[in-house]
Amino acid sequence: MAKVTEEQVEAVRERIASIPPGRVRTYGDIADEVGLSSPRIVGWVMRTDASDLPWYRVVPASGRPAPHIATRQLELLRAEGVLADGDRIPLRDYRV
């Protein structure tokens, strides 16, 4: 993986923290805004340093949460008014 600076990690954290309740962003949205080469780097930052953030507001570009967190993520989003269409978040309705 590409080297990630502390500034980039903080920028990713700030972007995640700024997602308002009831809205979502994609990993790619955040990567583009921060100037990262891959959305996977955002995922890495989230796995290592995002337990205190609204991680569930970040979804893949498909709108389908990863299977291992889907139930919890969809439950947390639903509590904020984000309604899934089956197992998929309709990005056109909730993306900010």
Side-chain angles (χ1 to χ4, degrees):
M1 176 175 10
K3 182 159 173 52
V4 181
T5 67
E6 281 300 314
E7 292 79 20
Q8 290 170 318
V9 169
E10 281 309 307
V12 167
R13 288 179 50 77
E14 288 170 12
R15 291 298 193 289
I16 295 168
S18 73
I19 303 169
R23 308 299 278 179
V24 298
R25 303 285 294 157
T26 68
Y27 292 91
D29 293 337
I30 295 170
D32 289 345
E33 292 170 5
V34 175
L36 297 173
S37 61
S38 170
R40 291 178 185 264
I41 299 171
V42 175
W44 176 84
V45 170
M46 290 177 64
R47 279 190 306 280
T48 59
D49 189 27
S51 62
D52 60 332
L53 297 171
W55 59 268
Y56 54 90
R57 295 180 188 148
V58 182
V59 298
S62 68
R64 287 185 172 84
H68 69 286
I69 60 170
T71 300
R72 182 72 178 136
Q73 187 169 19
L74 293 173
E75 175 183 287
L76 290 166
L77 288 170
R78 187 172 36 257
E80 293 184 350
V82 176
L83 303 177
D85 182 5
D87 66 346
R88 186 179 164 280
I89 301 300
L91 296 179
R92 70 186 173 284
D93 297 335
Y94 299 106
R95 192 181 205 170
V96 65

Completion exercise
On a heavy-atom basis, the closest approach of Pro54 and Ala17 is CD-CA, 4.2 Å

Handout entry: Set of side chain to side chain contact (heavy atoms under 4.5 Å, CB included) partners for Ala11, sequence neighbours left out
Key = Val34

Problem - Tyr94 side-chain N/O to Arg57 backbone N/O, donor-acceptor pair under 3.5 Å - result: no

Practice task
State which residues pass salt bridge (charged side-chain N to carboxylate O under 4.0 Å, His left out) with Arg13; sequence neighbours excluded, sorted by chain then number.
Solution key: Glu10, Asp49, Asp52

Problem - Residue that, paired with Val42, satisfies side-chain contact (heavy atoms from CB on, under 4.5 Å) out of Thr26, Asp29, Val12 - result: Val12

Handout entry: Distance, nearest 0.5 Å, that separates CD1 of Ile19 from CG of Leu53
Key = 9.0 Å

Practice task
Using the test side chain to side chain contact (heavy atoms under 4.5 Å, CB included), find all partners of Ser18 that sit at least two apart in sequence or belong to another chain.
Solution key: none

Problem - Contacts of type side chain to side chain contact (heavy atoms under 4.5 Å, CB included), residue Thr48, not counting sequence neighbours - result: Trp44

Handout entry: Backbone of Ser62 reached by a side-chain donor or acceptor of Arg88 within 3.5 Å
Key = yes

Problem - Carboxylate-amine/guanidinium contact Arg72 Glu75, below 4.0 Å - result: yes

Handout entry: Check: Arg78 side chain, Leu83 main-chain N or O, donor-acceptor pair, under 3.5 Å
Key = no

Under 3.5 Å, side-chain donor or acceptor atoms of residues 63-71 against the rest of the protein: list the pairs with distances, not counting sequence neighbours.
| from | atom 1 | to | atom 2 | distance (Å) |
| --- | --- | --- | --- | --- |
| Arg64 | NE | Asp87 | OD1 | 3.2 |

Handout entry: Derivation and outcome, side chain to side chain contact (heavy atoms under 4.5 Å, CB included), residues Leu74 and Ile89
Key = CA-CA 8 Å; Leu74 293 173; Ile89 301 300; 3.5 Å; yes

Problem - Derivation of the side chain to side chain contact (heavy atoms under 4.5 Å, CB included) call for Leu91 and Val59 - result: CA-CA 9 Å; Leu91 296 179; Val59 298; 3.7 Å; yes

Practice task
Kindly write out the residues that satisfy side chain to side chain donor-acceptor pair (under 3.5 Å) with Gln73, not counting sequence neighbours, or none if the list is empty.
Solution key: none

